[in-house]
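Down below is the structure, laid out as structure tokens.
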Number of protein chains: 2
Amino acid sequence: MADVKSSINPLFLREEELRQGIELLFYAYRDFTGEPDSILAEYGFGRAHHRAIHFINRDPGMTVAALLTILRITKQSLSRVLSQLVEEGYVEQKKGVRDRRQRLLYLTEKGRELERRVSEKQRARVAKAYQEAGAEAVEGYRKVLLGLIDETDRATVLKSIQNR
Amino acid sequence: MADVKSSINPLFLREEELRQGIELLFYAYRDFTGEPDSILAEYGFGRAHHRAIHFINRDPGMTVAALLTILRITKQSLSRVLSQLVEEGYVEQKKGVRDRRQRLLYLTEKGRELERRVSEKQRARVAKAYQEAGAEAVEGYRKVLLGLIDETDRATVLKSIQNR
DNA sequence: CAGATATGTCAACATGGCTGACGTAAAATC
DNA sequence: GATTTTACGTCAGCCATGTTGACATATCTG
């Protein structure tokens with residue numbers, strides 16, 4: 001029988017490879033969120049506020065329903081966060097013109113400043129990783145992450161991250 | 001002056017590219033954790049239990065301190081989760097032989113079963129994404145994620161995900 | 001006008017982070 | 001051998017962020 005170490009076991013290797021891919025995602029996300037979290041904490045905000053600010057900044061005038069769909073949380077959870085942001089002057093709500101039931105979401109100047117401050121750090125981290133890894137690697141990163149998203153959602157996400 | 005649409009603004013493109021990289025990570029992580037979360041919920045466990053089980057399975061006999069370092073939470077937070085897992089027979093603690101202050105962590109057979117059940121789903125998701133994206137893309141995915149991890153931690157993580 | 005829709009709100013609860021304080025056993029050091 | 005440090009556990013209380021369920025209001029649509 002062949003030496004165990006030199007015998008190739010593709011199934012085992014494959015499992016190992018997958019486990020590594022899983023753990024890398026865990027570690028990367030841990031550190032990726034750590035920096036914003038600590039900045040937001042200065043303002044008495046948390047990760048939930050960050051997510052709201054990020055997506056409102058990205059698509060000013062979006063509806064509450066749209067934000068709920070992206071975040072996959074209940075309206076009660078979002079409401080808490082959103083009303084804090086409105087009360088403290090980071091987010092503004094305007095009635096929709098076409099549909100006046102809607103409360104369209106906008107960042108105020110104060111909100112944009114906070115968004116900038118947090119996202120600068122986060123973008124710097126991604127920029128550095130992109131630079132170190134190279135353009136081809138970035139393409140791979142995007143492909144795999146897209147593949148990790150629920151199939152039913154993929155088209156929506158693609159559209160959402162591309163359209164501006 | 002040139003047409004705005006056709007004029008190339010590399011800085012803007014770069015920001016857009018980075019924002020997309022950020023959002024992809026958000027969406028991928030959201031769905032990546034969603035499936036395990038719902039399985040764990042059947043057992044009355046949450047994401048915190050999953051993480052503990054995952055890393056104990058991956059490195060049986062690890063110390064509590066090692067797990068704390070990986071998870072970056074306080075011992076009080078981990079303790080709550082760990083004692084539930086021990087009480088309900090998913091995790092076993094054995095005194096270290098070299099250092100008898102240590103409580104080395106092991107999954108019981110019951111724990112391994114749960115781990116398998118959850119990780120199968122997660123591995124299937126990653127396997128599918130890997131397959132669709134191709135080997136080269138996988139290399140890029142790994143490179144970029146590694147680059148997103150805190151620099152001070154990168155060497156440790158690399159060693160930890162490679163050594164078995 | 002009736003019903004559906006977009007949003008808000010109240011209340012109660014669970015999970016999983018946190019801090020601070022204190023305790024015990026074992027190892028390491030002086 | 002006494003003292004200090006280390007590894008771990010535990011009690012208590014707080015906060016952020018998720019959940020469910022029920023109900024209210026304004027507005028749109030058929």
Side-chain angles (χ1 to χ4, degrees), chain A residues 26 29-30 33-34 36-56 61-88 91-106, chain B residues 26 29-30 33-34 36-56 61-88 91-106:
Chain A
F26 164 75
Y29 198 79
R30 182 195 66 179
T33 52
D37 282 0
S38 65
I39 297 177
L40 270 287
E42 289 174 29
Y43 295 75
F45 294 148
R47 197 173 297 180
H49 303 84
H50 179 205
R51 291 196 278 248
I53 285 177
H54 172 93
F55 285 105
I56 295 171
M62 78 190 307
T63 65
V64 172
L67 189 51
L68 281 175
T69 305
I70 288 177
L71 299 179
R72 294 242 182 114
I73 57 176
T74 58
K75 63 175 177 174
Q76 294 91 327
S77 294
L78 179 57
S79 164
R80 193 163 32 199
V81 166
L82 222 43
S83 34
Q84 280 175 281
L85 289 171
V86 169
E87 265 169 35
E88 302 186 30
V91 168
E92 230 182 334
Q93 296 185 298
K94 294 181 190 166
K95 281 195 179 178
V97 268
R98 258 201 354 235
D99 184 337
R100 291 182 11 188
R101 288 171 304 179
Q102 298 179 330
R103 298 296 126 90
L104 307 183
L105 302 169
Y106 296 89
Chain B
F26 163 76
Y29 199 79
R30 182 194 66 180
T33 52
D37 282 1
S38 64
I39 297 178
L40 270 288
E42 289 174 29
Y43 295 74
F45 294 147
R47 198 174 296 180
H49 303 84
H50 179 206
R51 291 197 277 250
I53 285 176
H54 173 94
F55 285 105
I56 295 171
M62 78 190 307
T63 66
V64 172
L67 188 51
L68 282 175
T69 305
I70 288 177
L71 299 180
R72 294 242 182 112
I73 57 175
T74 58
K75 62 174 177 173
Q76 294 91 328
S77 294
L78 179 57
S79 164
R80 194 165 30 200
V81 167
L82 222 43
S83 34
Q84 279 175 279
L85 289 172
V86 169
E87 264 169 36
E88 301 186 28
V91 168
E92 228 182 335
Q93 294 185 299
K94 295 181 190 166
K95 282 194 178 179
V97 268
R98 258 198 358 232
D99 184 337
R100 292 185 5 190
R101 290 171 302 180
Q102 298 178 331
R103 298 296 125 89
L104 308 184
L105 302 169
Y106 297 88

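Below, chains carry the letters A, B, ... as their sequence lines are ordered, and counting in each starts from 1.
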- Would you say D:dG9 has OP1 or OP2 under 4.0 Å from some side-chain N or O of B:Ser79? no
- Euclidean distance, atom CG of residue B:Leu82 to atom P of D:dA7 [Å, nearest integer]: 17 Å
- Sugar-phosphate only, base, or nothing, as touched by A:Arg80 at under 4.0 Å among non-hydrogen atoms: base
- Note on the structure: Ranking A:Asp99 and A:Ser77 by the position along DNA chain D of their nearest nucleotide, the one closer to 5' is A:Ser77
- Query: Is the distance from OP1 or OP2 of D:dT19 to the nearest side-chain N or O of A:Thr74 less than 4.0 Å?
  - Reply: yes
- Task: Whole angstrom is fine here: how far is it from CZ in B:Arg100 over to C1' in C:dA27?
- Result: 11 Å
- Query: Taking atom P of D:dT17 as reference, at what distance in whole Å does atom CZ of B:Arg47 sit?
  - Reply: 14 Å
- Message: Is A:His49 close enough to D:dA16 that one of its side-chain N or O atoms is under 4.0 Å from OP1 or OP2 there?
- Response: no
- Task: Considering just the side-chain nitrogens and oxygens of B:Arg51, establish if one lies under 4.0 Å of OP1 or OP2 belonging to C:dG17.
- Result: yes
- Item | B:Leu67 CG to B:Ile73 CD1 distance, which is reported to the nearest 0.5 Å | 7.0 Å
- Message: So, does A:Lys75 get its side chain near the phosphate of D:dT19, meaning an N or O under 4.0 Å from OP1 or OP2?
- Response: no
- Which listed nucleotide (D:dT27, C:dG8, D:dT19) is nearest to the side chain of A:Gln93? C:dG8
- Task: Record whether the side chain of B:Arg101 comes under 3.5 Å of the base of D:dT6 through a donor-acceptor pair of N or O atoms.
- Result: yes
- Message: Any N or O donor-acceptor pair under 3.5 Å from the base of C:dG20 to the side chain of B:Gln76?
- Response: yes
- Query: Tell me: CD1 of B:Ile70 to P of C:dG17, nearest whole Å?
  - Reply: 14 Å
- Query: Counting N and O atoms only, with roles assigned by atom type, does the side chain of B:Arg30 sit under 3.5 Å from a partner on the main chain of A:Ile70, one being a donor and the other an acceptor?
  - Reply: yes
- Task: Using whole Å, report how far NZ of A:Lys94 lies from P of D:dT27.
- Result: 18 Å
- Task: Give a yes/no answer on whether the side chain of A:Lys95 brings an N or O atom under 4.0 Å of OP1 or OP2 in D:dA26.
- Result: no
- Anything under 30° is parallel, anything over 60° is perpendicular, the rest tilted; go ahead and classify B:His50 against B:His54. perpendicular
- 5′-ward residue of the pair B:Ala66/A:Phe45 relative to DNA chain D: B:Ala66
- Message: Would you say that B:Leu104 contacts B:Lys95 through its side chain, given a criterion of any heavy-atom pair below 4.5 Å between the two side chains?
- Response: no
- Message: What contact category does A:Ser83 fall into here, base, sugar-phosphate, or nothing, at under 4.0 angstrom with non-hydrogen atoms?
- Response: nothing
- Closest listed nucleotide, where the reference is the side chain of B:Gln102 and the choices are D:dT20, D:dC8, C:dT7: D:dC8
- Item | For B:Thr69, all residues meeting side-chain hydrogen bond (donor to acceptor under 3.5 Å, both in side chains), sequence neighbours excluded | none
- Message: Using heavy-atom distances to pick each residue's nearest nucleotide on DNA chain C, tell me which of A:Arg103 and B:Gly44 is more 5'.
- Response: A:Arg103
- Message: Applying a 4.0 Å non-hydrogen cut-off, can you work out what A:Gln84 is touching in the nucleic acid: base, sugar-phosphate, or nothing?
- Response: nothing
- B:Leu78 CG to D:dG9 P: how many Å, rounded? 8 Å
- Message: Nearest to the side chain of A:Val64, heavy atoms from C-beta on, is which of C:dA27, D:dT10, C:dG8?
- Response: C:dG8
- Item | Rounded interatomic separation in angstrom, taking CG from B:Leu85 and C1' from C:dG16 | 13 Å
- Task: Output the distance between atom CD1 (B:Ile56) and atom CD (B:Gln93), rounded to the nearest 0.5 Å.
- Result: 8.0 Å
- Note on the structure: note: A:Arg98, atom CZ; D:dA26, atom C1'; distance rounded to Å ~ 18 Å
